[in-house]
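A short write-up of the structure that comes next.
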Number of protein chains: 2
Amino acid sequence: MAQALDRTFAALSDPTRRAILARLAEGEATVSEIAAPFLMSQPSISRHLKVLEDAGLILRRVDGNRRPCRLAPDTLGALEDWLDHVRRIYAANYDRLDAVLNDLQSQEPKT
Amino acid sequence: MAQALDRTFAALSDPTRRAILARLAEGEATVSEIAAPFLMSQPSISRHLKVLEDAGLILRRVDGNRRPCRLAPDTLGALEDWLDHVRRIYAANYDRLDAVLNDLQSQEPKT
DNA sequence: GTGCTATATAGCTAAAAGCAAATATAGGTT
DNA sequence: AACCTATATTTGCTTTTAGCTATATAGCAC
């Protein structure tokens, strides 16, 4: 499952792909509709779409000639789970000392 | 700001780095403490730490010989903001149709 | 100062990822 | 069948990234 997170985060690390996701959040769109606003070639967009699909972030369906894409519902869930996980550990250790940690500098070296 | 997100997501796309963050969520640790559980060389860990630092995910302080690292509080916030942003767009367009979309297949091609 | 420890930097190799241009495939239309 | 449109795949090139070993720097202990 670590690999899934790898792919999810890696897919999100590209601004073009994040823009595509934001676009798809507004609703389904075909490849050419998605590609239109970008200065990039169509093959490059197709490649980005494949990365997003492999990461499980989008789904495609077949409509004759086209392959309309839409957001895969809840796929960002795994990402949030990881975030929550780390935050829970953090909270368990520091509880509400966050503010203190925030400006703690070099006092109380560890050992 | 897009670049910041790029770096944040890219930093999180590596399992070693996510493990380091999870470790640091438990509390401050020196470079060698962090490196210990990994099969990787120390320089490689140092490199990962630099990536995390450049992404603003961790902070380091100076303690004599060591460079203890800790989580940068709230840096994952920007990531969550982006998530929320996309989700708001999504929600605005589909509201509570999520369940429907979930198993909507190829019905009602979009014009 | 000598030498040990902690960490960073350099140099190198290999693998991955990005992009564009060209080509292939598949559907639609006439 | 001929041709046009939508999309995918391949090719070639360049850049980035990860990892290793070796080396450098800086603090500490003697």
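Letters go in sequence order (proteins before strands), and every chain restarts at 1.
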A/Leu57 and A/Leu71: CA distance, side-chain angles, deciding distance, side chain to side chain contact (heavy atoms under 4.5 Å, CB included) verdict = CA-CA 6 Å; A/Leu57 290 166; A/Leu71 279 198; 6.0 Å; no
Integer-rounded Å distance: D/dG19 C1' and B/Leu49 CG = 15 Å
Hey, is the side chain of B/Ser44 poking within less than 4.0 Å of OP1 or OP2 on D/dC20, counting only N and O atoms?
-> yes
Which whole-number value in Å describes the distance from B/Ile45 CD1 to D/dG19 P?
-> 8 Å
Roughly how many Å is it from CG in A/Leu52 to P in C/dA17, rounded to a whole number?
-> 13 Å
From the list C/dA20, D/dA6, D/dG19, which nucleotide is the closest neighbour of the side chain of A/Ser41?
-> C/dA20
Side-chain ion pair, B/Arg66 and B/Glu33, N-O less than 4.0 Å | no
Take the protein atom CG of B/Asp14 and the nucleotide atom C1' of D/dG19, then report the distance between them rounded to whole Å.
-> 11 Å
May I ask you to decide if A/Ala11's main-chain N or O and A/Arg17's side chain share a donor-acceptor pair within less than 3.5 Å?
-> yes
What nucleotide among C/dA8, D/dA8, C/dA6 has an atom nearest to a side-chain atom of A/Arg67?
-> D/dA8
Is there a donor on the side chain of B/Gln42 or the base of C/dA8 sitting less than 3.5 Å from an acceptor on the other?
-> yes
Side-chain N,O (A/Ser32) to OP1/OP2 (D/dT7) below 4.0 Å = yes
Has A/Arg7 got a side-chain N or O lying under 4.0 Å from the OP1 or OP2 atom of C/dA17?
-> no
What's the CD1-P distance between A/Ile20 and C/dG18, to the nearest Å?
-> 11 Å
Atom CZ of A/Arg61 to atom C1' of D/dT7: distance rounded to whole Å?
-> 15 Å
Which one of B/Arg47, B/Arg67, B/Arg60, B/Arg7 satisfies the salt bridge (Lys or Arg N to Asp or Glu O under 4.0 Å) criterion with B/Glu53?
-> B/Arg60
Taking the side chain of A/Asn65 as heavy atoms from C-beta outward, which of D/dA6, C/dT9, C/dT5 is closest to it?
-> D/dA6
Please figure out whether B/Pro43 or A/Val31 has its closest DNA chain D nucleotide nearer the 5' end.
-> A/Val31
Side-chain N or O of B/Arg66 less than 4.0 angstrom from OP1 or OP2 on D/dA26?
-> no
Rounded distance (Å) that lies between atom C1' of D/dT7 and atom CD of A/Glu53 = 12 Å
Which residue, A/Gly64 or A/Met40, contacts DNA chain C at a nucleotide closer to its 5' end, judged by nearest heavy atom?
-> A/Met40
Counting N and O atoms only, with roles assigned by atom type, does the side chain of B/Thr8 sit under 3.5 Å from a partner on the main chain of B/Ala4, one being a donor and the other an acceptor?
-> yes
Short side-chain N/O contact to C/dA17 OP1/OP2 from A/His48, under 4.0 Å = no
Would you mind reading off the distance between A/Ile34 atom CD1 and D/dA6 atom P, rounded to a whole angstrom?
-> 14 Å
Which nucleotide in the list D/dT11, C/dA8, D/dT9 gets nearest to the side chain of A/Lys50?
-> D/dT9
